[in-house]
Structures are given as structure tokens and as C-alpha cells.
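Below, chain A is the first sequence line, B the second, and so on; all start at residue 1. Values reported hereafter were calculated over all heavy atoms of this structure, with side chains retained and with hydrogens, waters and symmetry mates removed. Small disclaimer: the values here were computed from a predicted structure and weren't measured.
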Protein chains: 2
Amino acid sequence: MTKRGKTAGAASTSPRPALSLKQNTRVRPRRVTIREVAKHAGVSLTTVSRVINMTDAVRPQVRERVRAAMADLGYVPDVIAQSLRKQVTKTVGCIVPDIGFPAFSSTIGAIEEQLRGAGYTMQVMATQESHEREMEILSLCRGRRFAGLITSIGRDNDDAIIKMLRQLPFPAILLDRKIPAPIDSVCTDHFSGALQATEYLLQLGHRRIGLITLSVHALPGRERRRAFSQAHAARGIAFNPEWITGPGFENDHAYRIAYELLSHEPRPTAIMAGGFPTIGVMRAARSLGISIPHDLSLISFGDTDFADLLSPPLTVVRWNNGEVGRIAADILLSRIEERARDEPIQVVLPSELVIRGSCAPWRQT
Amino acid sequence: MTKRGKTAGAASTSPRPALSLKQNTRVRPRRVTIREVAKHAGVSLTTVSRVINMTDAVRPQVRERVRAAMADLGYVPDVIAQSLRKQVTKTVGCIVPDIGFPAFSSTIGAIEEQLRGAGYTMQVMATQESHEREMEILSLCRGRRFAGLITSIGRDNDDAIIKMLRQLPFPAILLDRKIPAPIDSVCTDHFSGALQATEYLLQLGHRRIGLITLSVHALPGRERRRAFSQAHAARGIAFNPEWITGPGFENDHAYRIAYELLSHEPRPTAIMAGGFPTIGVMRAARSLGISIPHDLSLISFGDTDFADLLSPPLTVVRWNNGEVGRIAADILLSRIEERARDEPIQVVLPSELVIRGSCAPWRQT
DNA sequence: ATGAAAGCGCTAACAG
DNA sequence: CTGTTAGCGCTTTCAT
């Protein structure tokens, strides 16, 4: 940690440090209240409140006087006080496992944009995939009077979490998760994408396919496994359950899993892996001298900007994370503003296989 | 937008839709107040408040009674009311140009983690690089009673922004920006990284180098330009100012710039580009049949997980965005809790050249 | 060790 | 159209 302090230098010419060591302290402007604005404009609080909220007619002349007073004094209404009084906030909570993780950050970005457009702000919290943190955060949310909550909780079959979610005093919407409760959700159709991918590999002649994806505790993990099984079953092909595995979000975990998977014979001739894990697989393959796609075919769940610049260009299952966020925000907003019908809204967005260069036909062995 | 509604089904057996269309409405639990807890425990509000805040001694027996009442009723203190009363919030604002942008999201992730550890939450806002939005957001922040603000404002030489920043009623810290005001900041030493990169290229014999980076309105852009010039000057080599250009954060903008740069003779024999723009350059080079590193050397500002998996593996200037966020959060926290000395704290973190395979010696032409 | 009362800054009846 | 008044849920003197 390279810290280089830097003295302000302004008063550095004075011979001795004066008594007040605080002379450099930036004096923070005190907050101006509605009361002072009222006095300055020669009206009552109510009138000021009215011009702020445009809730009632105010004589134009007076309104301008108040506006001027607000500008003069640099008045900005205290959102905290407003929220307390109105008993509502314009803040939405957003809980994800990891903010820095690209899939989440692009979703979060879209959510923020959508919320902001509707006059809401967003508070983001990361669970770091810890159940404990998740509970902590959820209970914290209860106290925050959020207008709503958008979340991709870690596992969707956790009773304690589900209970907390149901008890929230505001609407919530799930991202890529499904729980046994009447709650809105926006999911990607990971089943269909994984099905296409598996079938493609099977068609190419692969008979030993590995699957690295989320655990069964999250919808995408379950759906991909289901698609994987179904595609195999449809052709009467058996698969090795040991080749199905679910890593966390950490980077090198996938590397180790892939290394393990690829270093025992017989090894998979093809692997399908989550976006991040794919990088681990590529690295493991390189370490082991396994060439893609000749010795190993690879499909990534999730497209990226650079996927076509890798060598070979990555074949992927593609969907739109931004769209997931945007739609989730829209639905939540409609729920908050009670524009939505009572039934839970469940949206499923498509995913598709994008064939590039990381898969090759498998010579029968 | 594929919306598939789904009826709740529970009451679907009833012959006629009953009068209450709202029967499926999830009844949101009403908020429990401190008053009810007090009544339930047979004590006064004050006592309950005391056990919440552990601010005064309460007889253990009574304390347990209150605790039980809180648990029974599912009481969670109203943070809004607490904030209003205490005149402080435990929320920090965070403003960046784009949340989905990897460099920012990893910083944001680290900030959130650090803040959460100290009991703070974070509100993120994106400016989308719009000056107007920036002003809007900044003024919104004033009203939010944030405990502090962490921001990477769009341009650091904008008087209106600087003025707003100074007038904030809470401490702020800048990320990779420097403004003429006594304000804390955490920056990466982009100068040194860019200097190493330029010198490396020059050493390899390149005499026509292009630079694609942020505008001069942001510190990194200025520092990289300065390093670029200095390295050239030190060797008495001239450079073409038209080959220095600053794109926005959008993806294909860089592609167009690079395409332009590379399609006129004489064209650069080497390009240094920001992280995202690098992808655009690679794509442009591919479109034009220019091979890297043989026909064009390439250095990226900013490392990524996949940089070594590209072909060729990307030579980059590397620094640590997470560290920037963590340190910024720490400093802000120390400022908020008034543990910091009065002088502005300016931290500069190192950057370094990581040589991989995307640069080659240039045959003299 | 506990309680009563006075607000934090603002909005929403309710009168004029 | 404008002002007076009563809180929102909580913390904090100040008494007891």
C-alpha cells in the first residue's frame, strides 16, 4: 500500500504551526431546512412544502419567491425526513452474490438505469455466497424501508431465506431463481440453451461430456443438469455423473476442477462450463497440453465481448443479462406502484447456442 | 420481451370469481414499531431504545424481556427514523460513469465489501458519462444525508462539478481523478505504467505509435498522454498527435477509431489502448487483415482474466482496481469517523507493464 | 435503572 | 390560496 501524504501547503509559510491545527479543515456547509427557506421567503413551512411537492396550487408570485429562497440558500429537501413522514422511500435494494462478477454487474447496471429513470435509487449488497451474510442482509433490508428488492439469492431451496423473503414488508423479485412462494421472477431459459448445447455436442459424436455449472441449489444449475440428462436420455446415451460439478464463483476453483476432470483417463472429450469457469478450463487444458478444439471441445454458458477473439473463438450459449435487469426493474416498479395484477409475474427470457470455433467432431474411440 | 404469466391457481376451483379480486394479494406484514415492543414487554419506549442501542445500562432481566418481545414481534428498528433522529446515516454514495464496466464493477465490489464490514451500506449511481446526469446525481446526493461519497466523476476540470463537490455536507473521495480542491483521492499511477509501455515499444523499434485512452478531462487520460510525450521526447522521437485519441466507454466506438487509425497509410505500427478499446482494436485489426503482433503491436491498459488466453496473449499495463476501492473506502471511513488528519490524503497505487505476446520488434521501414 | 417529553425535517389534514 | 397543528419512529436530555 503506497500512501503518499501531501501537505496542503497553503499555510506552510507561517513560521510556527499556529494553535489551531484545524485550520485546514474543510468547513462542511450546514444543512438548510425548510424552516429557513420559509422565513427567507416570508411564508409558512406548508407553502414551501407545497412548492417542493407541487401538491397544491400556490400563487405563482409566491412560488417564485420560494424558489428563489431555495436557490439562495442552496436548499435541498431532506430525503430522510420526507421518507419518514411519507412512510415510503424511493430506494430499491439489490442483493447479488458478487458485484464484480460480470454477469451480475451488467444486470445491476441495467437495473440502476431503469430505476433511476423512474426516480428511484439503488442500494447494492453482496452476499459473497455466504448463507449467514444473506440472512444478515435480508434482515437489514427489512429495517431500511426499501420500496422493493431485486435479488439473486444464493440458493433457492433454503427455508430460512424463503421465509424472510415472504415476510418482507415490500415486494421482491427474483433473478434466475425460483422459490415455492408467490413471488415475481425473471429468469433466463437456461434449459433450452443447455439442451441445444448438449445436443450439438452429441451430434458431433461426443460421448464423454463434462458439465461445470452452478449447484443444484440455484435454478440455472438445475436447469442445465436437467437439459444435460434429457439430451442424453433422448438418444439413449449414458453419462458419467462424476463429470457434472458445480464450482463457486471464485476464479481458480474452476481451474482445479477442470484440471482434475482432464487429468484422469478416460477424460471428457467435451466440456460445457459457466462463463467464468470456462477460463479455468482453457487454462487447465493448456497446462495439460490438451488442444481445443482438437482434443477437447468447449462450450461456455454466457457470451462475452472477447469470446470471439479467443483462440479458438468460443462457442457459447448466449442470453442477455442487461435485459434480465431491465425487465426485473420494470416489473418491480409496477408492483411498487401497484400497477401489476395480483398474480405473480414470471418472465422467461430466451437463450441460444452461438456456434463459433471451440467445438470439433469427435472421432469415435 | 417474452412474458409468460402464470395464474396462482389456488382459488381456481371456485365457480365464480368472488367479489374480492384481491384474494391472491400477498398481505405484506405491517411494520412493528418500538412502541408495540414496549407495550409487549411492559416497559417504556426509552428502555427499548436503550436495549437496541446499548447506550445505557438496563437490568439484565428487563433486557431479556425486551429482546424476547422484539423477537416475538419480528421487530426491526426503522433505519429511516433512526437516521432522522440521529442526523446521520450509515450509507455511502458511489458515483461512477458505468456500473457494468468491468474496471468500475470490480472497484465497486471491493468498496461494498469494505463498507459493509464497517456497518455501512452503499448506494450506487451511474452518470452514463453525461454531465447533466452528473449534476443531477450530485444534487440528489446532497439531499440523501450520505455519510460520504466515493466517486469517479467524468471529468475533473469541470467547475460546476467541483463546486458541487466542495459544497457537499459530507466528505468525498475521488477515484482516479484530481481536482483543485482539498479533497481525498486514490489514484493509480497511470503515468508510470504508460511510460514503461511507451518505452518498451520504442525500444522494440516502433516509431509510429497510436494511443487510445480517456480524454484529457480525466486524470488517467492526462497521465498517459504525458507519459507518451515524455518517453518520445526523451529519445528525441516525434509522434503524430492525430494518433492520440480518446473514446467513450461504449464498445464499438473504439472499433471505429481503431479502424480509422489503421486504414490510412502510414499507419501506426503499435497501439496502446484502454482495456475495453483494446477489444475494438483487435477486431479492427482482424477486419483489415492486420496480424498482431507481426503487423501491429498492441498493449492494453488494464489486465483481465482472459488476457493471457487471447491470441496472441495480451501485453498489458496492470494495476489493481479492487485495491483502489478498498483503500478509498478505508480513507472515507476514517474521514467520516473523524479519525483522519485534516490534510487531504492522496494515495497513489502502482501500475506495471506485464509483457506477454502481443508486441514484436518493428523492422525499420 | 427507568420513564416522560421534546423534537429530528418534513407532509397532510384541517381550518381559515 | 395560505397557515396552524399533529405526528412519522426514533433517540436523548432531564427528571425521578
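- A sub-4.0 Å separation between OP1 or OP2 of dG3(C) and a side-chain N or O of T46(B) is absent.
- Note: CZ (R63(A)) to C1' (dT2(D)) measures 15 Å, nearest angstrom.
- Among the heavy atoms of the strands lying under 4.0 Å from R145(A) are primed sugar atoms or P, OP1, OP2 only; no base atom is included.
- Between the CG atom of L84(A) and the P atom of dG7(D) there is a distance of 14 Å, given to the nearest Å.
- Across dG3(D), dT11(D), dA1(C), the shortest atom-to-atom separation from the side chain of I34(B) is found for dT11(D).
- Regarding contacts with the backbone of dT11(D), every side-chain N or O of Q87(B) stays at 4.0 angstrom or more from both OP1 and OP2.
- Rounded to whole angstrom, the span from the CG atom of D78(A) across to the P atom of dT11(C) amounts to 9 Å.
- Inspection of the R144(A) and T91(B) side chains reveals an N or O donor paired with an N or O acceptor under 3.5 Å.
- For K39(A) and dG3(D), the NZ to C1' distance is 16 Å, given to the nearest whole Å.
- No side-chain heavy atom of D156(A) sits less than 4.5 Å from a side-chain heavy atom of L174(A).
- Taking every side-chain heavy atom of R85(B) into account, dC10(D) is the closest of dC10(D), dC10(C), dG3(C).
- Each of T33(B) and A57(A) lies near DNA chain D, and the nucleotide nearest A57(A) is the one positioned closer to the 5' end.
- Regarding R142(A), its CZ atom lies at a distance of 14 Å from the P atom of dG9(D), rounded to whole Å.
- Separating the CE atom of M54(B) from the C1' atom of dC10(D) is a distance of 17 Å, rounded to the nearest angstrom.
- In this model, the phosphate group of dG3(D) is approached by a side-chain N or O of T47(A) to a distance below 4.0 Å at OP1 or OP2.
- In this structure, R31(B) places its CZ atom 9 Å from C1' of dG9(D), rounding to the nearest Å.
- S49(B) comes within contact range of at least one nucleobase, with a heavy-atom separation under 4.0 Å.
- Remark: C1' of dG9(C) and CG of L73(A) are 15 Å apart, rounded to the nearest angstrom.
- Here the side chains of I80(A) and Q87(B) are not in contact, with every heavy-atom distance at 4.5 Å or above.
- Each of L45(B) and K86(A) was matched to the nucleotide of DNA chain C holding its nearest heavy atom; the match closer to the 5' end belongs to L45(B).
- Between E36(B) and K39(B) there is no salt bridge, since no side-chain nitrogen of the basic residue lies less than 4.0 Å from a carboxylate oxygen of the acidic one.
- Remark: R67(A) engages E64(A) in a salt bridge, criterion side-chain N to carboxylate O under 4.0 Å.
- Between R35(A) and D56(B), it is D56(B) whose nearest contact on DNA chain C lies nearer the 5' terminus.
- Proximity of Q82(A) to the phosphate of dC10(C): no side-chain N or O atom is located under 4.0 Å from OP1 or OP2.
- An OP1 or OP2 oxygen of dT11(C) is reached within less than 4.0 angstrom by no side-chain nitrogen or oxygen of R50(A).
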